[in-house]
Amino acid sequence: VQLQASGGGLVQPGGSLRLSCVASGFTLDPYTIGWFRQAPGEEREGVSCLSVSDGHTYYPDSVKGRFTISRDNAKNTVYLQMNILKPEDTAVYYCAADRNWFGESWCLKGDNMDFWGKGTQVTVSS
């Protein structure tokens, strides 16, 4: 049972990337999914959540309007489309999954989620 994030890389400011989170050993459909990032010396930050309860999506103000989370159940994959990237978006990005939904704040904190994937590095630089 594992999650694997991929799709990171080096992109210029204003550019776009799409990250993928693929599950193996279990089906993502009945799970809440969160995307998180952590830059060196910084605390982990939740950047997107997809609720298993109602299918709604949630974003912090720092990425709202630029990032979009989506799910492809046929591919057992969740995506994070990141547009208008900024240097401050530079971080290692992780995906996580949990069978529950305890609200937006809980999800964006990412505490005690069931499964975590290895991260993928995103670097935004000219």
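Here the structure is a predicted model, which is why all the values come from computation and not from measurement.
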N76 vs T27 side-chain heavy atoms within contact, under 4.5 Å: yes

Are T90 and Q121 packed together at the side-chain level, in the sense that at least one heavy-atom pair is separated by less than 4.5 angstrom? yes

Atom pair [atom1] ([X]) and [atom2] ([Y]), whose distance is rounded to the nearest 0.5 Å:
X: Y79; Y: C21; atom1: OH; atom2: SG; value: 10.5 Å
X: T123; Y: D89; atom1: OG1; atom2: CG; value: 11.0 Å
X: K118; Y: T120; atom1: NZ; atom2: OG1; value: 12.5 Å
X: E88; Y: R37; atom1: CD; atom2: CZ; value: 8.0 Å
X: S20; Y: Q4; atom1: OG; atom2: CD; value: 10.5 Å
X: I84; Y: R66; atom1: CD1; atom2: CZ; value: 7.0 Å

Among residues at least two apart in sequence or on other chains, which ones pass side-chain contact (heavy atoms from CB on, under 4.5 Å) with R44? F36, Q38, D111, W116

Residues in side-chain contact (heavy atoms from CB on, under 4.5 Å) contact with L108, at least two apart in sequence or another chain: C49, P60, E104

T32 (side chain) donor-acceptor with N100 (main chain) under 3.5 angstrom: yes

If only atom types and distance count, is the side chain of S51 paired as donor or acceptor with the main-chain N or O of S53 below 3.5 Å? yes

Is V122 isolated, or which residues cluster with it under the ILVMFWY side-chain rule of less than 4.5 Å, directly or via members? V1, L3, V11, L17, L19, F26, L28, Y31, I33, W35, V47, L50, Y59, V63, F67, I69, V78, L80, M82, L85, Y93, F115, V124

Are there more than 12 heavy atoms of other residues, nucleotides or ligands under 6.0 Å from atom NZ of K64? yes

Has D54 got more than 12 heavy atoms of other residues, nucleotides or ligands less than 6.0 Å from its CG? yes

Closest heavy-atom contact between D98 and M113? OD2-CA, 3.3 Å

